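Below is one structure, written out as structure tokens; the observations come after it.
Residue numbers count from 1 along this sequence. First listed ligand is number 1; within each ligand, the first listed atom is number 1. Not measured: the values here are computed from a predicted model.
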Amino acid sequence: MLDDNFIARARAVLRLNDTGEFTKPSPRQYPHQWNWDSAFIALGLAQFDLPRAFAEVRALLRAQWRDGMVPHIIYPTGASDYFPPPEFWQTENLARAGDIPSSALTQPPILSTIVRMIQNNSQFAIHNSELRTLRANYEFSQLLAWHRWLHTARDADGTGLPCLIHPWESGMDNSPLWADALDRITPENLPPFQRRDTIHVAADERPRAPDYERFVYLIDCGRRLHWEPRALLEQMPFLVQDVLFCSILHRADEDLCALARELGEDTREIDGWLARTREIFDARFWDDARGLYLDYDVRAQSPIRVNANATFAPLFAGLASPDQAARLVAEHFENPREYAPGADSKFYLPSVAKNEPGYAPRRYWCGPVWIQMNWIIAEGLRRYGFIKQADAVVHDSLALVAQNDFREYYDPRDGSGCGAVDFSWSAALTLEMIASENLAANDANERA
Ligand code: GLC
């Protein structure tokens with residue numbers, strides 16, 4: 001199934017989307033640079049072109065704002081037929097913005113974890129250790145500044161858990177997680193805009209119009225507040241603490257701390273973030289009655305009672321106790337009414353539990369399988385020793401891409417591809433998953 005031709009095809013997708021400076025998520029639907037896409041892409045590139053992987057990371061960090069934020073969309077090549085265009089964010093005259101046109105939002109900060117993984121995977125390839133240290137030092141201070149910004153500029157309640165001010169920051173744009181919070185918002189005086197995301201992809205696989213209007217309305221709210229962090233925390237109508245985002249940040253803090261130790265840097269500030277998150281995480285997110293991690297709506301001051309597959313992300317971060325992990329697996333992962341394949345689905349893992357009212361198996365973040373979520377969840381399961389379950393997720397992910405090519409997301413009922421075609425992170429993480437499988441097989445052979 002996964003022969004050399006298939007690996008060549010995955011590499012070809014990354015080459016196709018390579019602008020020379022950065023790699024687009026897909027050829028037409030996403031013609032600019034996206035934050036966590038570039039991180040996943042770098043991990044795939046590192047399998048066959050290490051200098052290009054480093055360049056991808058550098059291109060992303062070059063867009064960092066002066067205040068530390070790393071933006072979610074970066075427009076190094078200017079406008080295109082994509083909405084929103086760079087000027088829509090109104091960041092040109094902001095002292096805290098960066099030099100490259102960008103959005104004014106951020107995205108899940110997985111970059112430190114990826115940088116460390118690339119460093120570990122490629123230790124043998126990087127012969128010149130002096131050069132390696134130089135590069136790492138430069139990246140380290142930028143990564144540290146981004147994490148510091150998340151733990152402070154986005155801290156609404158003194159916990160250090162960052163708040164998201166727009167669903168796009170979660171990376172799960174129209175998840176049913178945001179339905180109630182968005183329902184409370186009435187978009188007033190909506191600026192004129194024209195949606196472009198349904199030009200290349202069927203409308204029933206994209207967010208519904210009322211969601212999209214609220215996405216645009218929230219951008220307008222941010223612009224009116226000049227994207228000033230304090231004002232955003234006080235006034236944005238959408239303000240949530242998200243399990244996926246906070247888990248990724250905690251894991252990234254761990255990895256940043258490891259990088260700091262390697263470089264002989266002081267780790268006290270990072271140690272402080274790690275300790276604070278561990279202290280508050282359960283109280284904020286764990287629902288003991290349901291055995292699930294739930295997001296928290298800071299504006300409404302209440303948990304968001306939606307079961308999305310982000311609930312498994314604390315495994316990736318090592319934030320669950322062995323008991324919590326066992327409950328997540330037994331009651332949810334292996335439950336055919338929620339995530340496990342059964343009569344109504346064939347592949348791990350629907351992005352939303354199948355028995356949720358908002359579940360829609362072809363609509364973007366409302367149910368389809370996403371390869372990067374599968375990768376995060378498989379890594380988490382492995383971390384807790386659920387090897388059989390992690391293998392099942394990797395197996396299904398590879399089956400999906402092998403049967404239906406590198407699509408943006410997949411219908412869990414029959415595996416058919418949805419959304420954008422030639423999708424970069426699906427190709428990049430395929431390369432990573434195949435390489436990890438080969439490594440594990442070699443290790444097993446050596447032990448035998
Ligand atoms: C969509 C996804 C987001 C991704 C971006 C580019 O907005 O929801 O997670 O980063 O597309 O692929």
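We find that Asp297 and Arg184 are joined by a salt bridge, their nearest charged nitrogen and carboxylate oxygen being less than 4.0 Å apart.
Counting the atoms of ligand 1 from 1 in the order shown, those under 4.0 Å from a heavy atom of Trp425 are 9 (O), 10 (O). The atoms of ligand 1 that sit less than 4.0 Å from any heavy atom of Gln107 are 3 (C), 4 (C), 9 (O), 10 (O). Below 4.0 Å from some heavy atom of Trp365 lie the following atoms of ligand 1, by number and element: 2 (C), 8 (O).
Between Gly171 and ligand 1, an N or O atom pair is found at a separation short of 3.5 Å. By the 3.5 Å distance cut-off applied to N or O atoms, Trp34 is not counted among the residues near ligand 1. At least one N or O atom of Trp36, backbone or side chain, sits closer than 3.5 Å to an N or O atom of ligand 1.
Of the protein's non-hydrogen atoms, the one nearest atom 1 (C) of ligand 1 is Tyr364 OH, 2.9 Å. Taking atom 8 (O) of ligand 1 as the reference point, the nearest protein heavy-atom neighbour is Asp173 OD1, 2.6 Å. Atom 10 (O) of ligand 1 has as its closest protein heavy atom Asp37 OD1, 2.6 Å.
Between Leu328 and Phe333 the shortest side-chain heavy-atom distance does not fall below 4.5 Å. Counting only heavy atoms from C-beta outward, the side chains of Ser247 and Phe316 never approach each other to under 4.5 Å. The shortest side-chain heavy-atom distance between Gln389 and Tyr348 does not fall under the 4.5 Å cut-off.
Remark: of the listed residues Phe238, Trp227, Phe215, Phe215 is the sole one forming a ring pair (Phe, Tyr, Trp, His ring centres under 6.0 Å) with His166. With respect to Asp344, the side-chain hydrogen bond (donor to acceptor under 3.5 Å, both in side chains) criterion is satisfied by exactly one of Arg413, Arg337, Lys354: Lys354.
The part of Phe423 lying near ligand 1 is the side chain, judged by heavy-atom distances below 4.0 Å. At a heavy-atom cutoff of 4.0 Å, ligand 1 is contacted by no atom of His72, backbone or side chain.
In this structure, Arg407 forms no cation-pi arrangement with Phe423, as its terminal cationic atom is not both closer than 6.0 Å to the ring centre and no more than 45° off the ring axis. Cation-pi contact between Arg196 and Phe83: absent, since separation from the ring centre below 6.0 Å together with deviation from the ring axis within 45° is not met.
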